[in-house]
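I have placed the structure first, in the form of structure tokens, so that the comments after it can refer back to it.
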Amino acid sequence: MLASQKDFNNAVSQVKLLKEDPGNEVKLKLYALYKQATEGPCNVPKPGMLDFINKTKWDAWNALGSLSKEAARQNYVDLVSRLSASSESPSPEAPAADRKQPESDSLVVTSEDGITTIRLNRPAKKNALTTQMYHDIIAALQAASKDESAITVLTGSGDYYCSGNDLTNFTHLPAGGLEEMARSAAALLRDFVNCFIDFPKPLVAVVNGPAVGISVTILGLFDVVYATDRASFHTPFSHLGQSPEGCSSYTFPKIMGSSKAAEMLLFGKKLTAQEACAQGLVTEVFPDGTFQKEVWARLKAYSKLPPNAMRISKQIIRNREKEKLHAVNAEESSVLRERWQSDECMNAIASFLSRKAKL
Ligand SMILES: CCCCCCCCCCC/C=C/C(=O)SCCNC(=O)CCNC(=O)[C@H](O)C(C)(C)COP(=O)(O)OP(=O)(O)OC[C@H]1O[C@@H](n2cnc3c(N)ncnc32)[C@H](O)[C@@H]1OP(=O)(O)O
């Protein structure tokens, strides 16, 4: 039996109560189904080329063709029910009572069902990493390595996974000037990446949207990377006058071969989720509409596996190259220390800050 008008009205109210922003693509689907269910097939004039937003909405509605109002109503109700289920599924809501919480609200750490979740929570800035967030992530990983959980997850709030280093980090010059800033940034970067190299338990990235810069490079140090099909992977280091970090100068060629790695790390080629998966950087890609539900159900099942066995297996794999990874991290951090003092880098950051340049 198809959904009734009452089911549809309930779903319309439910959308407003969703705990998580479902992202633009899903919102567009909801819009199109709503219009089809309430007004029938699209028969209004197509907005002009420059009216981007209304044209995108019109395209989505028009793409539903002659779908009946009843079928559209049913599809809308089904989609909302999946979204509601996923926003209720595992529970990254409950902060662990005995855990020291991060210094700022930009990072939320929760523990439940054998999973510790570290969530980047600065959606208005696309989860760009502030200096404080680097420190908080280090502390969260150190705590997670000793807590009761079997698996640790890094994910983001809102439509982005992470837009990389917050470029305004470099605008707060200390008393020692540019040289001192570059020295302390390199030391922080090295400590940050070391925590990922040394992390002793299964570490999973739940990539909920586009990823940029250091949030992409450190994926090579995760055990498993799940991505929504809305995600993209971008390392625009040359554009920024910078060079690779996160051990990517070693892990990327190993994962995807030297020429694919060079296209990303030298030329800043942006990969789609499917491309990143085909090249081995991503483990599996999920449709955005069911991403949260499917991924968390799977992680919940994995978290029931014997934790010591998982730790030991990870140790055997990681120990083979830990020393190498530490050496690579030290070298990359030291090269970046010089890069950050270069005109190329300063100009690129100034250009972003004056809103002239966007990736
Ligand atoms: C002295 C100690 C310092 C310690 C620092 C530690 C150093 C470790 C560093 C390790 C090296 C890391 C390298 C990298 O990660 S390189 C990658 C850097 N990232 C970028 O270049 C991305 C820049 N952002 C963009 O190009 C776009 O914002 C983006 C494509 C991501 C999204 O575009 P969109 O149009 O969708 O959205 P907006 O641009 O309007 O963004 C919304 C607001 O968010 C702000 N934003 C986004 N990303 C960043 C960022 N990386 N840094 C700072 N701010 C960011 C953006 O400015 C908007 O803000 P407003 O709303 O205020 O305008």
Side-chain angles (χ1 to χ4, degrees), residues 21 23-25 52-53 56 106 120-138 156-196 207-221 230-249 252 264-266 268-270 329-342 344-359:
D21 184 331
N24 288 341
E25 201 171 317
F52 297 115
I53 295 180
T56 308
S106 302
L120 309 174
N121 188 40
R122 243 187 129 210
K125 299 284 182 187
K126 311 292 182 193
N127 298 324
L129 298 169
T130 60
T131 305
Q132 184 61 52
M133 285 165 80
Y134 288 105
H135 288 292
D136 284 343
I137 293 169
I138 291 173
S157 296
D159 62 343
Y160 257 67
Y161 173 64
C162 175
S163 63
N165 185 44
D166 188 312
L167 295 171
T168 67
N169 286 339
F170 293 124
T171 57
H172 314 295
L173 272 193
L178 186 56
E179 206 178 322
E180 170 54 22
M181 191 210 66
R183 189 205 57 75
S184 73
L188 179 55
L189 172 64
R190 191 170 165 181
D191 289 349
F192 178 76
V193 175
N194 275 342
C195 278
F196 287 87
V207 183
N208 57 297
V212 185
I214 190 164
S215 71
V216 177
T217 56
I218 52 167
L219 292 177
L221 298 172
R230 231 173 21 78
S232 55
F233 299 83
H234 195 188
T235 48
F237 299 127
S238 299
H239 299 68
L240 292 166
Q242 300 187 31
S243 50
E245 20 59 2
C247 293
S248 58
S249 62
F252 278 26
M264 277 191 87
L265 297 176
L266 272 54
K269 181 180 183 206
K270 192 198 282 190
N329 182 27
E331 188 188 355
E332 289 177 346
S333 302
S334 142
V335 171
L336 265 172
R337 179 174 168 178
E338 299 306 317
R339 281 279 90 210
W340 287 326
Q341 298 176 68
S342 71
E344 284 182 347
C345 179
M346 284 298 123
N347 291 340
I349 291 170
S351 174
F352 173 78
L353 296 175
S354 65
R355 312 301 296 168
K356 273 187 262 164
K358 239 181 208 190
L359 301 173

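Only heavy atoms go into these numbers, but all of them, side chains included; no hydrogens, no water, no symmetry mates. Read the numbers this way: they start at 1 and go in the same order the structure lists the ligands and their atoms. Bear in mind the structure is a predicted one, so any value in this text is a computation, not a measurement.
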ask   = Do F233 and V207 come close enough that some side-chain heavy atom pair is under 4.5 Å?
value = yes
key: Proximity winner for atom 55 (C) of ligand 1, if only heavy atoms of Y134, F170, F352, F192 are counted   = F352
inquiry  = For the 3.5 Å polar cut-off, considering only N or O atoms, please tell me whether T131 and ligand 1 meet it.
reply    = no
key: Region of A128 engaging ligand 1 - heavy atom pairs below 4.0 Å   = side chain
ask   = Do ligand 1 and S184 have nitrogen or oxygen atoms that lie under 3.5 Å from each other?
value = no
request  = Please name the residue in the list N208, N121, N127 that meets the side chain to side chain donor-acceptor pair (under 3.5 Å) test with S157.
outcome  = N121
query = Just which atoms of ligand 1 are under 4.0 Å from any heavy atom in Y160?
reply = 29 (C), 30 (C), 31 (C), 32 (C)
inquiry  = Ignoring hydrogens, what is the shortest heavy-atom contact between Y161 and A211? Give both atom names and the distance.
reply    = CD2-CB, 3.6 Å
ask   = Do Y134 and N165 have side-chain atoms, one donor and one acceptor, less than 3.5 Å apart?
value = yes
key: Heteroatom proximity flag, S163 to ligand 1, N/O under 3.5 Å   = yes
inquiry  = Can you tell me which portion of A124 lies within the under-4.0 Å heavy-atom range of ligand 1? Options are side chain, backbone, both, or neither.
reply    = backbone
task = State whether the shortest distance between N or O atoms of I214 and N or O atoms of ligand 1 falls below 3.5 angstrom.
result = yes
note = Looking at L240, I349, L189, D191, the heavy atom closest to atom 17 (C) of ligand 1 belongs to L240
request  = Mark up the atoms of ligand 1 that fall under 4.0 Å of a heavy atom belonging to G164, in ascending order.
outcome  = 15 (O)
Under 3.5 Å: N/O of L167 near N/O of ligand 1 = yes
message = Side chain, backbone, both or neither: which applies to H172 and ligand 1 if a contact is any heavy-atom pair less than 4.0 Å apart?
response = neither
task = Give, for atom OG of S163 and atom CZ of R122, the distance between the pair rounded to the nearest 0.5 Å.
result = 8.0 Å
query = Would I137 and L129 count as a side-chain contact (heavy atoms from CB on, under 4.5 Å) if you check the C-alpha gap in whole Å, the side-chain angles of each, and the deciding distance to 0.1 Å?
reply = CA-CA 10 Å; I137 293 169; L129 298 169; 3.9 Å; yes
inquiry  = Under a 4.0 Å threshold between the charged nitrogen and the carboxylate oxygen, would E344 count as salt-bridged to R339?
reply    = yes
inquiry  = Could you check whether R230 pairs with D159 (Lys NZ or Arg NE/NH1/NH2 to Asp/Glu carboxylate O, under 4.0 Å)?
reply    = no
query = So do T217 and F196 actually touch side chain to side chain, heavy atoms under 4.5 Å?
reply = no
task = Would you mind listing which atoms of ligand 1 come within a distance below 4.0 Å of any non-hydrogen atom of W340?
result = 9 (C)
